[in-house]
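Below is one structure, written out as C-alpha cells, with a few remarks after it.
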Amino acid sequence: MCGIIGIVSNMAVNQSLYDGLTVLQHRGQDAAGIMTCDDGKVFLRKANGLAKDIFHTRHMVRLQGNMGIGHVRYPTAGCSSSAEAQPFYVNSPYGIALAHNGNLTNATKIRRDLYLEDLRHINTDSDSEILLNVFAHELQHLGKLQLEVEDLFNAVAGVHRRCEGGYTAVAMITGYGVVAFRDPFGIRPLCIGEKTLESGRKEYMVASESVAVDVLGYRLMRELEPGEAIFIDAHGGLHTKQCAENPVLSPCIFEHVYFARPDTILDNVHVHKARLRMGEKLATKILREWPEHDIDVVIPIPDTSRTAASQLAYILDIVYREGFIKNRYIGRTFIMPGQKQRKKSVRQKLNPLGLEFKGKNVLLVDDSIVRGTTSAQIIEMARSAGARKVYFASAAPPVRYPNVYGIDMPVASELIAHGRTEDEVAAIIGADRLIYQDLQDLIDAVQEGNPQIGQFDTSVFDANYVTGGIDEQYLQDLEAERCDLEKERRDELDDEVIGVHNSM
C-alpha cells in the first residue's frame with residue numbers, strides 16, 4: 001500500500017507536495033519521493049525513510065517548478081531497497097515520471113513482453129517501473145513530436161488493456177502536465193480536488209485520500225471512476241475521460257478497516273462513519289451470541305480501532321477506557337517490512353496502563369487480525385498488567401487468504417486464520433474468547449455510506465478475486481516470492497551491496 005499525489009499550480013508546488021506526503025505517511029513508511037518540473041527540466045529527490053527525514057531545505061530548494069508528483073511507499077513486491085523508491089522516470093518519450101499505488105497481477109508476463117517486444121529494460125523488481133514503461137511505450141509508438149490530450153487517454157486505455165490487478169497512478173509528462181488514472185475495478189483509491197483562486201481561475205490536484213486535499217486547502221470534487229483518467233495540463237486545464245471498456249467499481253474494503261485515515265472520504269463513504277457502524281455490528285453480534293457476557297471494560301488497540309471500539313462500548317453500555325499508551329515515534333506495525341521488525345516494535349509501541357486492567361475482564365478491540373503475533377503480544381501484556389480475563393474482538397472478519405492487489409498479506413501460511421477455526425485462533429493468541437466481525441456485516445457497514453457501490457474487493461476474507469485470473473499456481477509463486485524469509489534474504493543482500501559500495 002502506498003500514497004500518491006500530483007499537483008499543477010501557478011506557483012511552486014514543492015511545499016504542497018511535501019505537506020501532502022506527510023498527511024499520507026500512514027500509507028507507507030519505507031520510502032518517499034518528489035519529482036517536479038520547471039522549464040522543461042525535472043528535479044527529483046527520493047530515498048528510504050519518512051518524508052520528514054528525507055526532505056531537507058537543500059532538497060526542497062532544488063525541487064523547482066509549478067507541477068510535480070509525490071509518493072510514499074511500503075514494500076510488497078521486491079525489498080526495501082532505496083532503488084525502488086518512487087517516482088520512477090524514463091526520458092523517452094517526452095520525459096515521464098510515474099508514482100503508483102497497488103499491484104499488477106500479471107507483472108511477470110508484462111516484464112517479459114516489455115523486453116522481448118517493446119525492447120525496454122526494467123531495472124528493479126517493482127511493478128511500478130513496469131507500469132511506467134507500459135505507459136511510456138503506449139505513447140512512444142504513436143511517433144508524434146507533439147502530444148494531444150486524446151493521445152494521453154489512448155495511452156491509458158492501452159495500459160488498461162495490458163495491465164491486470166489493482167492500481168492507481170499519477171504521471172508527470174515534462175512540459176505537458178500531470179496524468180492520473182485508476183484501474184478498471186477501482187480497487188485502489190484516488191480522488192481529485194480543486195481550488196478557486198482570487199482571479200477566478202481553478203487549480204487541481206489528485207491524491208490517494210481526500211485528507212490530503214483538505215489539508216492543502218482544496219475542495220474535494222470526487223473520486224476518479226474505475227478506469228477513468230484525468231489530465232491536468234500545464235496551464236491548469238482539466239480533462240477527463242473513461243478509458244476502460246467494462247469498468248466495475250469494486251473498491252478494497254480493507255481501506256475502510258485499516259489503511260485509510262478516519263477523516264478521509266472514499267467513494268463517498270466517510271471512513272469514520274463506516275468504522276462506527278463496524279462497532280455497532282460487532283456489538284450486535286456479541287449481544288446475539290453472547291448475551292450473558294461478563295465484560296467489565298472495552299479497551300481499543302490504538303489507533304485504528306478506537307472508532308469501532310467506542311461505538312461497540314456505547315451499544316453494549318460498557319465502560320470504554322484507553323488502556324494502552326502509544327509511543328508516537330514508532331511506525332504502523334502492520335506495514336513494517338519483515339516479521340522480526342514487527343515483533344520487536346509491538347512492545348516498544350504500546351505500554352499498558354495497569355490500573356485499567358487489574359482484576360477486570362477486558363475486551364480488547366482491534367481493527368483486524370492478520371499474522372496474529374501482534375495480537376498475542378498485546379494479550380500477554382494485558383494479562384501481565386493484571387487482567388482477570390482477556391477477550392478479543394476484531395472489527396474485520398478472519399483474514400484467511402492472500403492479497404494480490406497491493407496489501408502486504410501475500411502469504412497464506414503467514415495468516416493466522418488460514419485453515420484454522422476461530423477457537424483455534426483464540427487458543428494461539430491466548431484469548432479467553434475471540435469475536436470476529438461477520439463479512440456481510442462489514443460489507444453493510446461500508447455500503448450504507450454509499451449504496452451505489454455494488455461490490456467490494458473482499459478477497460482477503462473470501463478468496464473472491466474480483467479481477468479474475470488468480471489460480472493456485474499464481475498464489476504459490478507469490479508465496480515463494482513474498483514470504484517474510486524471502487524478503488529478509490533480499491534485504492540482507494541489499495545491505496551487503498550497500499556495504500561493498502560504501503567501502504569502495
Side-chain angles (χ1 to χ4, degrees), residues 257-258 272 274-326 333 346-347 349-400 415-417 420-442 444-445 461:
V257 171
Y258 175 80
H272 174 71
R275 289 176 183 169
L276 286 173
R277 291 189 289 266
M278 291 177 205
E280 292 176 4
K281 302 285 187 183
L282 199 53
T284 301
K285 180 176 181 178
I286 291 174
L287 290 174
R288 181 178 67 248
E289 297 186 357
W290 191 18
E292 303 301 324
H293 68 79
D294 58 350
I295 303 168
D296 296 319
V297 62
V298 173
I299 294 178
I301 298 170
D303 285 313
T304 320
S305 65
R306 281 195 172 108
T307 308
S310 63
Q311 190 69 2
L312 179 149
Y314 175 77
I315 298 297
L316 295 180
D317 194 22
I318 295 174
V319 173
Y320 171 90
R321 289 287 187 268
E322 292 287 339
F324 294 99
I325 303 302
K326 184 176 180 180
T333 311
V346 174
R347 196 62 179 86
K349 183 172 73 170
L350 299 176
N351 192 46
L353 275 170
L355 60 90
E356 298 295 353
F357 291 92
K358 191 171 184 180
K360 300 177 183 179
N361 296 335
V362 178
L363 175 63
L364 300 179
V365 181
D366 206 352
D367 52 78
S368 59
I369 305 172
V370 181
R371 292 167 175 86
T373 51
T374 298
S375 305
Q377 288 180 276
I378 290 173
I379 290 172
E380 183 181 350
M381 277 190 262
R383 294 196 189 280
S384 298
R388 185 166 60 243
K389 292 182 180 178
V390 181
Y391 307 122
F392 203 96
S394 167
V399 177
R400 291 197 165 105
L415 304 174
I416 192 171
R420 295 188 177 99
T421 65
E422 295 182 15
D423 288 341
E424 289 172 335
V425 174
I428 293 172
I429 66 176
D432 292 296
R433 183 162 184 155
L434 174 61
I435 305 100
Y436 275 112
Q437 185 85 266
D438 291 335
L439 178 56
Q440 189 58 54
D441 282 346
L442 174 62
D444 291 344
F461 308 121

Q. Can Lys281 and Asp438 be said to form a salt bridge (charged side-chain N to carboxylate O under 4.0 Å, His left out), step by step?
A. CA-CA 8 Å; Lys281 302 285 187 183; Asp438 291 335; over 6 Å; no
Q.
Hydrogens and angles aside, do Tyr258 and Asp366 bring a side-chain donor and acceptor to less than 3.5 Å of each other?
A. no
Can you give me the closest heavy-atom contact between [X] and [Y], atom names plus distance?
X	Y	value
Val365	Ala309	CB-CB, 3.7 Å
Leu442	Ala395	CD1-O, 4.3 Å
Ala396	Ser394	O-OG, 2.7 Å
Asp296	Ile318	O-CG2, 3.5 Å
Pro300	Phe324	O-CD1, 3.8 Å
Glu356	Glu322	CG-O, 3.8 Å

Q: Determine, step by step, whether Gln437 and Phe461 satisfy the side chain to side chain contact (heavy atoms under 4.5 Å, CB included) criterion, reporting the C-alpha distance in whole Å, the side-chain angles of both residues, the deciding distance to 0.1 Å, and the verdict.
A: CA-CA 11 Å; Gln437 185 85 266; Phe461 308 121; over 6 Å; no
Check this for me: does any side-chain nitrogen of one of [X] and [Y] sit under 4.0 Å from a carboxylate oxygen of the other?
X	Y	value
Asp294	Lys360	no
Arg275	Asp367	no
Asp441	Lys285	no

Q) Around atom CD of Glu422, are there more than 12 heavy atoms of other residues, nucleotides or ligands at under 6.0 Å? A) yes
Q) Applying the side-chain contact (heavy atoms from CB on, under 4.5 Å) test to Leu363, which of Ile286, Val390, Ile299, Val297 qualifies? A) Ile286
Q | Sidechain-backbone polar pair: Arg400 side chain, Ala417 backbone, donor-acceptor under 3.5 Å | A |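 Looks like yes, one N/O pair under 3.5 Å.
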(Q) Using modelled atom types and a 3.5 Å cut-off, is there a donor and acceptor pairing between side-chain atoms of Arg383 and backbone atoms of Ile379? (A) no
Q: Run the ring-centre check on Tyr436 versus Phe392 and record whether the distance is less than 6.0 Å.
A: no
Q: Quick one: pull up CZ in Arg420 and CG in Leu415 and give me the separation to the nearest 0.5 Å.
A: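 Result: 9.5 Å between the selected atoms.
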